[in-house]
Amino acid sequence: MATLEKRTDTYRVIFYFDGQRFSRSLKTKSEKAALASVARLEDNLRRVELGLLGLPEGADLATFLLSDGRLVKKFELPAIRTMQALFKNYFDSIPPGALEDSSKKGMRTHIQHLERILGKHLDVHALEAVQLQHYIVERAKAKGLHGRKVSAATIKKELVTLRTVWNWSLNMGLLNRPYPNRGLRYPKLEEKPPFQTMDEIDRRIAQGGLSKAQEADLWDAAFLTLPEINELLNYVKVTALQPFIYPMFAFAAHTGARRSEMIRSQLSDIDLEAGTVVLHEMKRVRGKQSTRRVPLSPTLLAILRQWFGNHPGGVQTFCNTLDVLRSRKRRHTFCPLTVDESHDHFKRTLKNSKWGKLRGWHIFRHSFCSNCAARGVDQRIINAWTGHQTEEMVKRYRHLIPNQEQEAIQSVFG
């Protein structure tokens, strides 16, 4: 005969078999569920005593009886217990090249906040939605960029990092339950402004009433018209401090390539005779290093021909050249650009110009999409040239340049 007892809020079952006392937590606070478990245990215990249910050698009796004979060993929690150990195990298991360096850097930043608020030594097996909701509330109070609070989008990205690590650990058998994010509530998201010309942004800022954060959002949504792109490239051609900088600016402006794709680009990816470049992607197809082919404009073809004629060596399309002393002889070493180096070159090159407020290389990707859309290029072709675009992003750049909008409305109403 089994008996039921309640310790704190959880029920336990106590029973005897072959003169030995057994006790096991039922891991439930519900009396109804506990009574059902006891009834199942007593029925299976009677079947064992009558020889109707065979007890395997070395089986854990309580586990065997409570599982209707399906399990023979007591479930043991994995060795990984803490948040810190969970994250470390995830990063230690990532093969080289499986994630972008920028993605890993962003995830590590997210993890710093997660460990700071939830605790490095938090038992991950006890993590509940209420703790994640507390995390959202605390992060929403923190200071963000340009004098505003941390955005809902940023908080979601941080918890997506935790979910990614959690689901991987679940698949690896390190965790035994789904990620507890059901019912979480976030601050309201703010819709990003549509892409606008620099003149539009300057006029909006001149009207006043915008915070630093709102001004920064506008500059992050800037795109360049074709005349502005040509003007900027002429400026870079004259002022660039390194020979690869002008070809790299032109490459970004005329292909819509991402910064990481330019860093990965190799000379063998560019076919000057066919007038095409193959760009190596990391994020479009999950788990695969996909590629896309983009045609080269006549202007970019001419720039690349000249650059190839003066290329310092190595396999990278754009690279740093270092002088290294080896065996008393000075030799050139060709190093791929890092993310930080490429951003630094962008900012240094434009620092003292009217384009100094532009945020980074993505301005050219925005501009490429916007100018193609304004010229009536089929959306499917734009997507093929630039890689997969979310509907939200397409909505932001799928517009006409202001003077074309005026021409369009006048064509209707005169």
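Only this structure's heavy atoms are used, side chains among them; waters, hydrogens and symmetry mates stay out.
The closest donor-acceptor contact from the side chain of W361 to the backbone of S342 lies under 3.5 Å. Side-chain atoms of W307 come within 3.5 Å of backbone N or O of T317 as a donor-acceptor pair. Judged by distance alone, with hydrogens and angles left aside, the side-chain atoms of W219 form no donor-acceptor pair with the main-chain N or O of M198 at under 3.5 Å.
Rounded to the nearest 0.5 angstrom, Y179 OH and N167 CG are separated by 9.0 Å. Here the straight-line distance linking atom CG of D43 with atom CZ of R40 works out to 10.0 Å at 0.5 Å rounding. Rounded to the nearest 0.5 Å, atoms NZ (K149) and OG1 (T154) are 14.0 Å apart. Rounding to the nearest 0.5 angstrom, the gap separating the CZ atom in R163 from the CG atom in L132 is 12.0 Å. Atom CD in Q20 sits 9.0 Å away from atom CZ in F15 (nearest 0.5 Å). Expressed to the nearest 0.5 Å, how far CZ of F251 lies from CZ of F364 amounts to 13.0 Å.
A salt bridge between E138 and K141 is present, with a side-chain N of the basic residue lying under 4.0 Å from a carboxylate O of the acidic one.
In this structure, L241 places its CG atom where only 12 or fewer heavy-atom neighbours from other residues, nucleotides or ligands lie under 6.0 Å away.
Pairing each heavy atom of Q131 with each of L118, the nearest pair is O-CD2, 3.6 Å. Heavy-atom minimum distance, A222 versus L358: CB-CD2, 4.2 Å. Across L184 and A129, no two heavy atoms sit closer than the pair CD2-O, 3.5 Å. A pairwise comparison of heavy atoms in S25 and T10 identifies OG-CG2, 3.7 Å as the closest pair. In this structure, R12 and L4 approach most closely via the heavy-atom pair O-CD1, 3.3 Å. Across all their heavy atoms, H110 and E158 have their closest contact at CD2-CG, 3.5 Å.
Evaluation of the salt bridge (charged side-chain N to carboxylate O under 4.0 Å, His left out) rule for E231 yields K354 as partners, not counting sequence neighbours.
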- Just do the ring-ring contact (aromatic ring centres under 6.0 Å, His included) check on F368 and F223 with the steps written out, would you? CA-CA 8 Å; F368 181 85; F223 84 95; over 10 Å; no
- Message: Go through it in stages, so that I can follow the logic: the residues are N383 and R380, the test is side-chain hydrogen bond (donor to acceptor under 3.5 Å, both in side chains), and I'd like the CA-CA distance, side-chain angles, deciding distance and then a yes or no.
- Response: CA-CA 5 Å; N383 287 347; R380 292 167 296 181; over 6 Å; no
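Listed by first then second residue, pairs satisfying salt bridge (charged side-chain N to carboxylate O under 4.0 Å, His left out) with a partner in residues 340-350 read K105-D340, D344-R348, not counting sequence neighbours.
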